[in-house]
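One structure is given here, and the rest of the page talks about it.
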Amino acid sequence: MGTTEQNYRVAKEVYAQVGVDTDEALRLLGEIPISIHCWQIDDLSGFESPDRGLSGGIQATGSDPSKARSRDEFMANLTKALSVVPGKNKLALHAIYLENFGKFVDRDAIVPENFAFWVDYAKEQGIGLDFNPTYFSHDKAEDNFTLSSYDPAIREFWVNHGKRCRKISEYFGRELGQVCIDNHWIPDGYKDYTIDKLKHRELLVESMDEILKEKIDGSYTMDSFESKLFGLGLESYTVGSHEFYSNYAAIRNNCIVCMDMGHFHPTEVVSAKLSSYLVFGRHVQLHVSRGVRWDSDHVVTLDDELKEVMLEIKRQDAFDKVHIGTDYFDGSINRIAAQALGARSVKKALLYALLEPTCKLKAYEEDGDLVRRLIYSEENKTLPFGLVWEQFCEMNGVPGSDWLERVL
Ligand code: RNT
Ligand code: ZN
């Protein structure tokens with residue numbers, strides 16, 4: 001018996017004493033998909049016009065030389081990163097990661113064929129796909145208004161982009177036999193003091209209604225709308241705020257909300273918000289990110305809030321309703337390692353949650369035994385979950401703590 005296996009047996013024994021079945025946790029961990037965003041590999045440059053800088057109030061900083069310079073390099077680096085993320089995965093794409101067959105294809109003209117190579121890739125890798133329309137880094141988004149622009153021609157262009165992206169998502173869903181989340185995030189907002197906060201929201205409602213007009217089979221694609229507090233250069237007013245999208249989704253019912261962990265006030269946490277959607281049976285899309293002091297999109301690590309989010313999903317038994325995706329981009333360290341690290345941290349947090357003795361803690365709470373609730377929540381933190389993680393990696397043929405050498 002190898003060391004990992006021996007260690008796992010010890011951990012299994014320890015967890016059994018608190019009523020947790022580690023084999024069952026490992027089984028579940030292997031089944032819950034994590035949707036890994038593709039854009040950490042090249043700082044969101046994409047294949048459309050890779051030399052165009054980012055716009056829309058987002059920014060990738062750092063000058064580590066590892067940024068992919070061609071599509072081939074991008075694919076090779078992505079494959080390396082995925083090779084060290086154990087368990088079931090999806091890949092989240094952006095519309096700018098297209099094959100244009102040597103001729104510029106504008107955003108309002110993209111079709112499934114431009115993304116067929118991703119279906120082949122997904123099949124080869126045994127993964128699912130998610131999608132994101134790209135409503136930024138484009139001439140028609142220069143003033144930071146897209147779906148809620150006062151200019152009808154600009155709105156029409158982006159509405160058409162949104163519609164095209166739904167069709168591409170539907171195509172992914174049908175081809176791969178699993179739902180493709182089509183996540184819309186728009187930068188729309190103002191840098192400074194805003195007078196009419198209503199009008200842009202009216203226009204956004206109109207645009208969203210138009211995008212979602214065609215009925216598409218929900219087993220192929222589901223649309224999510226990602227809220228935000230502010231963007232760089234757009235600090236004063238964001239059209240697509242959290243309240244806006246929450247109300248829209250509640251009333252229209254044919255889309256869901258995406259919560260990015262970096263998109264709230266620093267003391268506001270996503271873990272506290274989930275149950276308010278789940279109580280109504282709603283699905284939610286997550287962008288797991290790490291905002292250091294603000295929405296900085298640092299590489300995800302196993303921090304307290306990440307654990308809390310996963311614990312919350314586990315406690316509500318909502319892994320079928322909360323779609324977990326990642327979103328971070330850091331150009332200051334090796335991109336492949338960064339991509340893999342964040343995804344591995346999400347899986348670790350998931351395992352941590354699956355190993356919580358939730359029944360026991362809930363019982364203390366129901367009995368009003370609040371001191372035991374606190375003490376055993378605290379004791380749970382130092383149970384040997386790392387040994388179970390190593391076992392998961394080994395079972396999946398992926399390195400444990402020494403994975404970096406595999407990707408460099
Ligand atoms: C921006 C949003 C959005 C983007 C990606 C690239 O603040 O978080 O999700 O990061 O779509
Ligand atoms: Zn996001």
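Every value quoted in this text rests on a predicted model; they were computed, and no experiment measured them. Ligands are counted one by one from 1 in listed order, and the atoms in each one are counted from 1 as well.
Within Glu226, the N, O or S atom lying nearest to the Zn ion (ligand 2) carries the name OE2. Closest to the Zn ion (ligand 2) among the N, O or S atoms of Asp260 is OD2.
Checked against a 6.0 Å centroid threshold, the rings of His94 and Phe136 count as neighbours. Two rings, from His323 and His283, have their centers less than 6.0 Å apart.
At least one test fails for Lys347 against the ring of Phe392: distance under 6.0 Å to the centre or angle within 45° of the axis. Cation-pi geometry between Arg373 and Tyr364 is not met at under 6.0 angstrom from the ring centre and within 45 degrees of the axis.
The ligand atoms of ligand 1 that sit less than 4.0 angstrom from a heavy atom of Glu226 are 2 (C), 3 (C), 8 (O), 9 (O). In summary, the atoms of ligand 1 found under 4.0 Å from a heavy atom of His287, numbered by their order in the structure, are 9 (O). With ligand atoms numbered from 1 in the order given, ligand 1 contributes 5 (C), 6 (C), 11 (O) to contacts under 4.0 Å with heavy atoms of His94. With ligand atoms numbered from 1 in the order given, ligand 1 contributes 8 (O) to contacts under 4.0 Å with heavy atoms of Asp260. Below 4.0 Å from some heavy atom of Ile58 lie the following atoms of ligand 1, by number and element: 1 (C), 7 (O).
At least one N/O/S atom of His287, whether from backbone or side chain, sits less than 2.8 Å from the Zn ion (ligand 2). Here Asp327 reaches the Zn ion (ligand 2): one of its N/O/S atoms is less than 2.8 Å from the metal.
No donor-acceptor pair closer than 3.5 Å links the side chain of Ser289 to the backbone N or O of His287.
Put simply, part of His263 is less than 4.0 Å from ligand 1, judged by heavy atoms.
In terms of heavy-atom proximity, Ala68 sits nearest to Asp42 at O-CB, 4.2 Å.
Ranking protein heavy atoms by distance to atom 7 (O) of ligand 1, first place goes to Lys228 NZ, 2.7 Å. Nearest protein heavy-atom neighbour of atom 10 (O) of ligand 1: Asp327 OD2, 2.7 Å.
No part of His37 comes within 4.0 Å of ligand 1, judged by heavy-atom distances. At a 4.0 Å heavy-atom cut-off, ligand 1 touches Leu44 through the side chain alone.
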